[in-house]
Amino acid sequence: MAARVCWNHPELSRQGIDQTRLVIDQGNDTVGIDDAFHFLVLGDSGTGRHRLHSPPRRIAERLLPHKSAAAFLLHTGDVVYLVGAMDQYRANFLRPYREWLHHGKDWKTISPEGLMFNQPFLPVLGNHDYYDLSLPVALIAGLTLPFRRHLQWFDDIDAGWRGSRQGEAYACVFLDVLHRIPPVKLSDHLKLHYNAVWDGHRCLRYRPGVNTRLPNRYYRFQHAGVDVFALDSNTLITSDQATNNQRNLRRDLRTLEERQSVVYRRLASSSLDENHRDELFDELETLQEECFDLQRQIKQMNQLKQSEWADHEQLEWLKEGLIRSHRDRSVRGRILTMHHPAYVTEKTKCGQADTKAIRRQLRDVFDAVVLALGEDLGQARPVDLVLSGHAHCLEVIRSHDTGHADSHINWVICGGSGYGLRAQRREGAELTEQTVDGNSKVVATSELFIGRNWPAAGGRDSYSGLRVDIAEGRPLSIRLTPLVSCRDSNGWQDADPEPITLRM
């Protein structure tokens, strides 16, 4: 990704450009630092599996009444399943979200690489946006594609011949890919689009209908006195203890790829009922994630020393950004958005090493922020709200006293916007950790969980998006409005849970 955006290119340095910030052009509107506003959230949405009843399209329709007055939309990642391939973008992204596209009525002919939004549409990278199919799996997926589309015309596996090429498709759709600009034209491009000024540095101006690229894989912006930090959490999920035995890792990877091939062949059958097909899709996604994790570990072993695995540059950027944000008296709140959650009770993500790694990384950053600010922080938390996806549900979690600076923070997962839903783990709503003396203590509690077999909807599968309202004035006040649609044999039915005002 660094090469694609010409990270730290001499010309960018010469012009004093910060590649991690953007300023959203408000047009003729004047926004005060304490004004009320709302924004929208969705995540894990980019699927074309359901051709007769598209969950992404349904949730897009739920968001539409709230769109015109929304300050922006945040996407928590996994924009396109299964492997972030460019040839899946039209069906899995442009089609459901066409109202957000400039000239969206022509979505069938718009090139994803030339994408332009009519309102700020701001994603983060999900793990599926980085995936690549290995050659054996790619051949099976590609060769069976015509048969799958013939036999399962109402359902597909969301995989063609290729993968994301390590996020290249995402970069071409959403990022300002500077390396494609001829060197002789780079200076003019920067003067034209990087003409906003923030804290004395020039940065990218995001202009709906004109220029809607993002400057980098992680970035920050500000609206009405609220700082928003968007992370690429894929480079922050290094486990505490990574094995050095590449032979075992490669063996495990081959085993997983063989299981993937079996699942692909089973999915090509026309005799599967919907429940069995959903189970296979869930298994396939889990296998993909496990393969990706092993591939990442193997690649890191080949390229880096273990001490260099963590994305220290991004973590330092977040720490310093939060410290500066708290010292800026014009800022009244801070929101963090990324793909992987730090706290979650969804059954497949709760115990994942990735979840624990994100929790550990954020604790280290938040602890460092509190240490640096000291008494200047007062009663404030390092951040007021953390938004993530990855877990296929809508969940609101409140952390307790964890012994770290991530205590008493609101953690919201919005990952139930289109792909297969997941249920809450059997252990329930409380998350525990072991203390140093071997005892167990509750560190967080889930206050709302909407996903597969949601009891409040009579056990129906419930897809979701989210409206987030920031009230006028200070201290910061945040209200969540879940936008939920349930699917059963009778079709779609909307559900409207009561709005939740978060404790700050």
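All residue numbers in this chain count up from 1 along the given sequence.
Proximity of a side-chain donor or acceptor of S417 to a complementary backbone N or O of L42 within less than 3.5 Å is not detected. T355 places a side-chain N or O within 3.5 Å of a backbone atom of K349 that can act as its donor or acceptor partner.
Classification of the F93-F174 ring pair by plane angle, with boundaries at 30° and 60°, yields perpendicular. Relative orientation of the H390 and H340 rings is tilted, given thresholds of 30° and 60° on the angle between their planes. Aromatic ring orientation, F72 versus F221: perpendicular (interplanar angle above 60°, classes split at 30° and 60°). Using a 30° and 60° split on the angle between ring planes, Y81 and Y419 fall in the parallel class, below 30°.
With hydrogens and angles left out, the side-chain atoms of S399 and D406 include no donor and acceptor closer than 3.5 Å. Between the side chains of S388 and W411, no donor-acceptor pair is found at a separation under 3.5 Å. A donor-acceptor contact under 3.5 angstrom links the side chains of D227 and S325, judged on distance only. No side-chain donor from either of Q26 and D29 sits under 3.5 Å from a side-chain acceptor of the other. Defined by atom type and a distance below 3.5 Å, a donor-acceptor pair is present between the side-chain atoms of D176 and Y194.
Annotation: salt bridge (Lys or Arg N to Asp or Glu O under 4.0 Å) contacts of R474 (sequence neighbours excluded): D34.
At a threshold of 4.0 Å, the pair D376-R327 does not count as salt-bridged, since none of the basic side-chain nitrogens sits closer than that to a carboxylate oxygen. Ion pair D252/R250 not flagged as a salt bridge, since none of the NZ, NE, NH1 or NH2 atoms sits closer than 4.0 Å to an Asp/Glu carboxylate oxygen. Remark: R57 engages E99 in a salt bridge, criterion side-chain N to carboxylate O under 4.0 Å.
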Before you tell me yes or no, could you show the steps for V386 and M338 under side-chain contact (heavy atoms from CB on, under 4.5 Å), namely the whole-Å CA-CA distance, both residues' side-chain angles and the distance that decides it to 0.1 Å? CA-CA 8 Å; V386 181; M338 58 187 173; 3.9 Å; yes
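Heavy-atom neighbours of R479 CZ from other residues, nucleotides or ligands within 6.0 Å: at or below the threshold of 12.
To the nearest 0.5 angstrom, W454 atom CH2 is 12.0 Å from L421 atom CG.
For R359 and Y343, the positive end sits near the middle of the six-membered ring, less than 6.0 Å away and at most 45° from its axis.
Taking the six-membered ring where the residue is Trp, the centroids of F37 and H223 are separated by under 6.0 Å.
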